[in-house]
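Down below is the structure, laid out as structure tokens.
Lettering follows sequence order; numbering is per chain, from 1.
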Protein chains: 2
Amino acid sequence: MKALTPGQGVTIYHVAERAGVSIATVSRVLRGNVPVSAETARRVREAIAELRYTPSRLGRGLAERQHAANGIVFPELSGPYYAEVVLGYESVVAELGRSVLILSSHGRSDAPGMVRELAGRVDGLVLCTRTVDDEVIVEIAASGVPVVLIARTPVVARAGSASRTGAMTPAGAEDPAATADPAEADPAEADPAGVADPARLIDTINAENRASARDLARHLLGHGYRRFLFLGDTTASFDFAERWMGVREVLGDVPRVPCAFDEEGGRAAADVVRAHAPDAVICGNDEIALGLAEATGGSVPITGWDDVMAARYAGLTTVRQPMRELGARAARLLDERITGARSRPRHEVLPTRLVIRSSCGPHPEEGSR
Amino acid sequence: MKALTPGQGVTIYHVAERAGVSIATVSRVLRGNVPVSAETARRVREAIAELRYTPSRLGRGLAERQHAANGIVFPELSGPYYAEVVLGYESVVAELGRSVLILSSHGRSDAPGMVRELAGRVDGLVLCTRTVDDEVIVEIAASGVPVVLIARTPVVARAGSASRTGAMTPAGAEDPAATADPAEADPAEADPAGVADPARLIDTINAENRASARDLARHLLGHGYRRFLFLGDTTASFDFAERWMGVREVLGDVPRVPCAFDEEGGRAAADVVRAHAPDAVICGNDEIALGLAEATGGSVPITGWDDVMAARYAGLTTVRQPMRELGARAARLLDERITGARSRPRHEVLPTRLVIRSSCGPHPEEGSR
DNA sequence: TTGAAAGCGATACCAG
DNA sequence: CTGGTATCGCTTTCAA
């Protein structure tokens with residue numbers, strides 16, 4: 001028997017003593033998996049109630065070797081985008097009876113370290129965009145913590161010799177033939193070495209980008225525009241790179257000018273944009289578009305991406321993304337990995353939709369899509 | 001010595017063996033607080049690196065009796081409001097070297113249970129608005145987990161006999177004389193029984209509401225409006241109740257019609273609003289205002305509250321709240337409690353500002369404020 | 001059904 | 001400085 005220091009917390013020992021049983025029995029009625037005599041269970045429950053006992057997560061976690069918590073890492077929560085993704089994620093993770101830890105990597109000097117630390121307190125992790133290098137991801141996955149990637153190209157590094165994926169080059173960038181839907185391929189199956197490569201086993205989930213980009217491009221062409229400009233840093237975002245690539249598939253080469261990902265980025269780019277004198281500006285996301293629109297005062301047709309709340313009020317033509325579903329779906333994929341319900345990697349792509357409003361210019365008789 | 005099962009995780013025992021030292025020594029170089037010979041430290045560090053060892057948070061937490069994590073509970077992350085609060089919170093909590101757990105209580109059937117559960121995995125908790133009843137809050141605080149309340153009236157229940165605060169009645173609702181700045185009062189000091197009452201020891205932090213409400217009311221009066229309507233459920237939100245009260249201090253009685261807290265709530269209330277035929281509608285928050293504006297098509301002057309991103313693009317007259325700071329400040333107050341740096345309760349009120357745009361109607365020559 | 005005891009993976013006190 | 005060891009609070013065999 002242990003000594004029961006009447007200190008702060010009431011432990012399972014206190015309950016056991018109060019109920020006149022062993023801690024094993026208390027644990028049993030707590031977990032409810034092993035049969036316990038009704039009378040005993042009643043006494044235990046009574047003791048628990050009287051003592052206002054709450055089992056220690058730390059103790060339980062250590063014994064069960066699990067955290068009952070999932071994490072999610074995103075670049076920044078400032079924009080409306082990730083807030084929605086996180087909401088969707090929290091929604092299903094909580095429903096699954098687990099807690100959710102969040103981490104914004106934006107601007108933190110030691111992002112890798114923080115992500116590693118986070119990985120140490122969860123049973124599974126969702127990583128959004130380029131929040132950390134591939135090697136860190138592979139390392140975490142290899143350590144046994146399931147990982148799901150959102151809005152990010154699949155990790156390509158091989159275990160033990162992780163390396164960066166080039167400058168966020170989307171699949172098929174240099175080789176169009178390689179654009180086959182990754183969801184069909186099964187890397188794990190084809191592993192020549194027969195060794196499980198953690199990198200290729202990581203699930204990914206993205207919003208469809210290329211097709212919407214093409215739709216958007218065609219719509220703009222319908223307006224009669226011929227000179228375009230892509231505003232946003234395509235080398236820092238997988239999504240931006242794909243969007244840029246998509247519009248080029250229809251428009252041919254489209255010059256791009258990088259800028260910060262927020263409204264300020266769009267405002268600041270106004271001069272450069274004017275210098276290019278384009279017929280229309282395709283912005284990487286709504287915030288950039290909104291900022292630019294504000295700075296140009298509607299003198300040039302502009303489109304955004306994401307369809308954030310403000311886009312509707314600003315009359316911004318954009319592409320709607322299922323942000324909430326992105327997070328929710330990621331939570332589900334991750335859970336399948338945590339529970340071991342699935343071992344084969346999945347790479348999902350969620351549908352998006354072109355939303356035409358007024359910012360792209362007057363619409364004669366053109367219908368949407 | 002323990003048996004070293006070559007299982008999944010590498011523990012401190014593995015490192016100790018590899019380095020040829022005791023786990024105590026490994027722990028020492030890990031914590032870095034106790035002196036260790038340079039040579040020994042080097043060997044340990046080497047072993048740690050080779051084994052890619054990462055100390056278990058669960059093990060450490062159990063031994064240290066702390067989680068190194070803080071939590072935050074908000075009603076819903078859907079609106080732009082709480083996303084900002086959470087961002088501010090995460091920002092400073094991470095800076096403090098701790099992790100952050102989030103929980104959205106919205107629509108969850110067992111909110112109290114989930115909050116209690118969360119309380120069991122953190123060293124401190126921030127509760128936003130009316131996410132759980134006072135008794136739960138008091139219970140948590142009494143259990144030793146510091147709590148900070150955001151946008152919520154101070155808990156009034158007495159330990160052991162918790163009860164609800166009436167229908168979200170703001171301080172001074174029935175007794176104007178009691179409106180003295182609570183930050184000056186020191187409940188703990190005045191505790192007649194001499195017993196620490198956990199309820200009154202809970203820190204609170206709010207955005208200033210009444211003064212801004214009065215400013216807004218006066219501005220509306222300046223427009224020449226005389227018949228007003230307050231749109232929003234003042235019985236479900238402390239902030240709404242205060243705002244409504246503030247405008248009444250200037251406008252006299254103002255009828256209110258309750259509605260959901262989002263855009264849909266505003267849209268749905270359009271008919272009822274029209275039936276009242278008011279000169280202007282003062283909405284509890286921007287989303288409601290935006291929804292109503294959409295439904296009424298600008299036929300009636302409208303104002304919001306919060307100054308979310310979309311408000312700017314919709315030309316909505318509103319009151320700006322320092323949402324980010326609300327979260328950041330809460331994190332700081334909480335940390336002072338966790339570290340024990342402060343034991344006296346604090347009740348802070350952050351300044352807000354009236355932002356006049358076009359939704360309240362044409363401005364002849366009137367200046368702002 | 002129930003109890004005793006062996007961990008789970010650290011921390012930290014107590015001797016050497 | 002360093003090693004041995006007693007916790008921390010709970011889960012889970014192994015016997016009874």
Can you name the side chain to side chain contact (heavy atoms under 4.5 Å, CB included) partners of [X], sequence neighbours left out?
X: B:R18; answer: B:A47, B:E50, B:L51
X: A:L326; answer: A:Y81, A:I150, A:I205, A:A207, A:L350
X: A:A328; answer: A:V92
X: A:R116; answer: A:P112, A:V136, A:E139

The side chain of [X] is closest to which nucleotide in this list: [options]?
X: A:P55; options: D:dG9, D:dC10, C:dA10; answer: D:dC10
X: B:R65; options: C:dA4, C:dT11, D:dG9; answer: D:dG9
X: A:A63; options: C:dT11, D:dT12, C:dC8; answer: C:dC8

Ordered by number, residues from residues 27-48 of chain A within less than 4.0 Å of DNA chain C (heavy atoms) are A:R28, A:P35, A:V36, A:S37, A:T40

For B:E336, the side-chain hydrogen bond (donor to acceptor under 3.5 Å, both in side chains) test, sequence neighbours excluded, returns B:R342

Here the salt bridge (Lys or Arg N to Asp or Glu O under 4.0 Å) pairs for residues 25-38 of chain B, sequence neighbours left out, are B:R31-B:E64

Residues pairing under salt bridge (Lys or Arg N to Asp or Glu O under 4.0 Å) where one sits in residues 87-97 of chain A, two or more places apart or in two chains, turn out to be A:E90-B:R108, A:E95-A:R332

| query | Can any side-chain N or O of B:D123 pair as donor or acceptor with the backbone N or O of B:Q66 at less than 3.5 Å? | reply | no

Between its two end axes (five pairs each) the helix from C:dT1-D:dA16 to C:dG16-D:dC1 turns, nearest 10 degrees, through 40°

Between [X] and [N], does any side-chain N or O lie under 4.0 Å from OP1 or OP2?
X: A:T25; N: C:dG3; value: yes
X: A:R60; N: D:dT11; value: yes
X: A:Y53; N: D:dC10; value: yes

